[in-house]
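Below is one structure; the comments refer to it alone.
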Amino acid sequence: MKNILSSLPAGMRTVIIIISVLLVVSLVANTILLTQTISLGNQRNDLTAELDDAAAQNEDLSAQLSDAQDSIAELADLHVEYDAYQTDAEAKLAAAVADGEANVQTAKDEAAQALDDLQAGFDTYQADSEAAFTALADEFAAFKADSALAIANAASLAQADRDAAAQDLAALQTEFDTYKSDADTAYAAFADEFDAYKTNAETTLTETKAAGEADVLVAREDAAQALNDLQTELDAYKADADAAYTALSDEFTTYKTDAETTLAEAKADAEADVLAAQEGAVQALADLQAGFDAYKTDADVAYNALADEFTSFKADSALAIANTSTLAQADRDAAVQALADLQTEFDTYKADADVAYTALSDEFTAYKADADATYTALADEFTTYKADADATYTALADEFTTYKADADATYTALADEFTTYKADADALLANAIAAGEADLAAAQDIAAQDLAALQADFDAYRADAESDTALAEAKQQLADAQKQLVLASIPADENGAGNHGNGMLAFLYKGDIIYSNFYDTGNIYIENIAGHGDMLMRNISSNERDPLYNIVGAYKDWLYYRHSGCFFRYNSDSGKNEMLINSFKHSPSSGIQAAAEMLYFLGPPVNDGGEYEDNLWSMDENGAFLHRIPGVKAASFVSDGQYLYYAALDKQALIRLDPADDSERVLLQNAEVNYLNHAAGMLYFALGGQLMKMPVSSTEPVPVDSIGAAYVNVTGEWIYYVNTDDNNTLYRVTTGGLYNEKLCDVENAAYVNIVDGWVYFMQLTSPDEKDAFIKACKIRLDGSDLMLSKP
């Protein structure tokens, strides 16, 4: 390279050196500009990071403000909790007052009930007395009428007889007048005494009620006053707390607004300044870049023009030197001069470019210094603002902590005060209730004593009245009339409700009495009510006397009966006779009962091995669908038309069976029930040998007097039975137990059937041998005309 340069002319070497220097200077300038650009970018990144730190600090301040708001919310929750406690306390107080009122009301109700019971007793006695008096008056009137008639009809009666009759009549009139006067006096005295007692009782009740209401009213007024005081105190506390909270909230809102405004303004100013600085720096850099680009373009143009000119000059010079070796020195000097002028022009251009670059560099340095100073001032201002904000927040937090502590202390004091008040109020209320109850108890004791005294007087008066012979006779007449009324209730054209379970010895079928003739191998006869000469109806072809269950019952014009182990039915109107079941392997041990269009009856309860087996059977009226009900082992059963009721042998219980789905309901448990009857919605049966009755809708049986009974059969308002306490003789008792009487002296009676005004029964050798028959008997329902049933 050095040899090449040295071989060139001096002017050419100078031009090459100048161009190289220019290239180096341009490269250095570009390097400097790139370095400054990188430095400016780093400064910009630092400023962005500082702005991010400021934003993070702003978020911390927002979080702290949120915590303060949460604390205020906790205070609001505390107020809500206090309000709930106050509501609960008011509810408990109201409940206590209500309980006190309920106790007073209960006592008033009890006193009123006692008064009503006394009034009812008096009304009943008054009604009985009036009835007895009316009956006696009627009897006396009848007697007077009879006496007057006898006197009128016996005009020829001797004067002495007439005088005696008149004397007797006068004596009876005097006795009656005396009784009536005494009764009126006693009644008036009792009425006065009752009125006085009633007045005293009502006065005592009114006073007790007033005292109780006054005590409750005082307790309620005290409680209301205390509650009002507590409410006033709570309202004052709540107003102060609300005012403090409002002031604190307003102060915090103002502070928050100012802080947010200041922060927003500072942030906006900082962002504006930084943006302005960024924009200024970018603009300056752009201007510098534009100037440099223009300079570079101009330099490149000048360099290219100079290079072109130099190349052209070099070519021309070389050509001139090559072609014109004789060129004059003047031309070479001119060329050198031109080259020198070009060097001078280049030097001038370079000097101007250096001055422009220096000025631009100084301007950029000044700008950078100004930007640094502005950022430093902005950072200092933000630091000062942050310190002020932190101090303000710390002061606000301390103030809130102090307020919360004061509020907690106030709430605790108020809660303690309310607890003390509540305890005092509860004690006062309890004392008031106890005092009211004591007063009420005393009033009740006085009322009870008065009632007992009045009851004693009433009992004494009643005893005196009942000791009167005339009244006793009137009562006896009343009892006789009641008995006649009950006797008149016996239907004369019905079958007894218990016939189906008592052997079906006889049965009323289409107006005729049919019976199993004990004296003719159990064949079925139609009884001639007028006398002898009964007619054979059906022959059962039995080889031995068997009066039980040859007649099974009647349903829809058909008579059902057994014959040689088969089921038959017979229609007396058409004379049609049909076999329903052939060779039924289990002989029935009961008559039929209808329920839900099906017929039910019992078979023997035990099998050949002596074990209980299912023995309730059903079939339709045509003998079809013969079915044994599973799980039913019955000693007796009865139907009310919808349900079946049976006495279970294996469970010792009384059970109701629904034929619709064979579902069961146990009515009585651990109960030895037998001889079931159903009549007018009631079940009648022997429970452990004692005569009982029970509504079909109940599970609580009641005894009918104290009677040991077997072979129970009900008709009308009478129960016919065998009295096991009197040698198993025949009795009857009213369904209410009022009249119980023996019908005959035939011992070991059994299988009681009731048919159209008659009682048919069997006499056994002993009560333990139920199939060892002695004779068949019948007797009228009133116990008259005992006889053997038709042979």
Side-chain angles (χ1 to χ4, degrees), residues 113 116-117 120 124 482 485-486 489-491 494-502 590-596 598 600 602 616 618 629 631-725 731-740 752 754:
Q113 184 60 45
D116 290 341
D117 293 341
T124 300
Q482 290 175 340
L485 183 62
V486 175
S489 69
I490 300 178
E494 289 185 2
N495 292 298
N499 286 4
H500 75 284
N502 277 322
S590 74
I592 61 172
Q593 289 273 283
M598 296 292 287
Y600 292 84
L602 294 180
L616 179 62
S618 66
I629 310 301
V632 177
K633 300 173 179 61
S636 59
F637 85 105
V638 71
S639 170
D640 65 1
Q642 179 182 3
Y643 297 107
L644 300 179
Y645 304 84
Y646 73 92
L649 289 168
D650 56 335
K651 303 174 184 177
Q652 291 291 295
L654 177 60
I655 299 175
R656 187 187 75 182
L657 173 69
D658 188 347
D661 55 7
D662 289 345
S663 62
E664 295 184 343
R665 177 190 173 193
V666 177
L667 302 182
L668 298 176
Q669 292 182 333
N670 301 320
E672 183 184 351
V673 174
N674 216 327
Y675 305 113
L676 272 166
N677 283 241
H678 173 266
M682 297 288 290
L683 295 176
Y684 299 89
F685 49 88
L687 177 60
Q690 184 178 6
L691 184 59
M692 308 291 286
K693 65 179 180 179
M694 181 179 78
V696 294
S697 59
S698 175
T699 58
E700 295 295 333
V702 295
V704 181
D705 209 343
S706 298
I707 296 171
Y711 301 103
V712 178
N713 207 330
V714 179
T715 182
E717 296 184 23
W718 289 88
I719 305 170
Y720 288 79
Y721 67 99
V722 170
N723 192 327
T724 57
D725 298 328
Y731 273 71
R732 69 175 180 179
V733 63
T734 55
T735 54
L738 183 60
Y739 300 105
N740 185 32
V752 177
I754 299 174

Before giving the answer on side chain to side chain contact (heavy atoms under 4.5 Å, CB included), spell out for T735 and M682 the whole-Å C-alpha distance, their side-chain angles and the decisive distance to 0.1 Å.
CA-CA 10 Å; T735 54; M682 297 288 290; over 6 Å; no
Side chain proximity check, T734 to I719, heavy atoms < 4.5 angstrom:
no
List for me each residue that meets ring-ring contact (aromatic ring centres under 6.0 Å, His included) alongside Y720, sequence neighbours excluded, and say none if there are none.
none
Given E664 and K651, is the salt bridge (charged side-chain N to carboxylate O under 4.0 Å, His left out) satisfied, shown in steps?
CA-CA 13 Å; E664 295 184 343; K651 303 174 184 177; 3.7 Å; yes
Heavy-atom check, side chain of N740 versus side chain of I707, under 4.5 Å:
yes
Salt bridge (Lys or Arg N to Asp or Glu O under 4.0 Å) pairs, two or more places apart, involving residues 693-707:
none
Going by heavy atoms in the side chains, are I592 and Y600 under 4.5 Å from each other?
no
Check: Y721 ring centroid to Y711 ring centroid under 6.0 Å
no
H500/F637 aromatic ring centres below 6.0 Å:
yes
So, does S636 use its side chain to make a donor-acceptor pair with the main chain of N674 at under 3.5 Å?
no
Nearest atoms (heavy-atom pairs only) where A595 meets L644
CB-CD2, 3.9 Å
side-chain contact (heavy atoms from CB on, under 4.5 Å) with V632: of L616, I655, L602, D650, only one passes, and it is L616
Excluding sequence neighbours, so at least two apart, what forms side chain to side chain contact (heavy atoms under 4.5 Å, CB included) with L649?
P605, Y612, A635
Looking at V673 and L687, what are the two nearest heavy atoms and their distance?
CG2-CD1, 3.7 Å
Are N713 and N677 close enough that some pair of their side-chain heavy atoms sits under 4.5 Å apart?
yes
Determine whether F685 and V712 satisfy the following criterion, side chain to side chain contact (heavy atoms under 4.5 Å, CB included), listing intermediate values before the conclusion.
CA-CA 7 Å; F685 49 88; V712 178; over 6 Å; no
Might you confirm whether atom CD of Q669 has over 12 heavy atoms from other residues, nucleotides or ligands at distances under 6.0 Å?
no
So do Q593 and V638 actually touch side chain to side chain, heavy atoms under 4.5 Å?
yes
Return yes if some donor-acceptor pair links the side-chain N/O of D658 with the main-chain N/O of S663 below 3.5 Å, else return no.
no
Taking all heavy atoms of Y646 and all of A634, pick out the closest pair and write down the distance.
CD1-CB, 3.7 Å
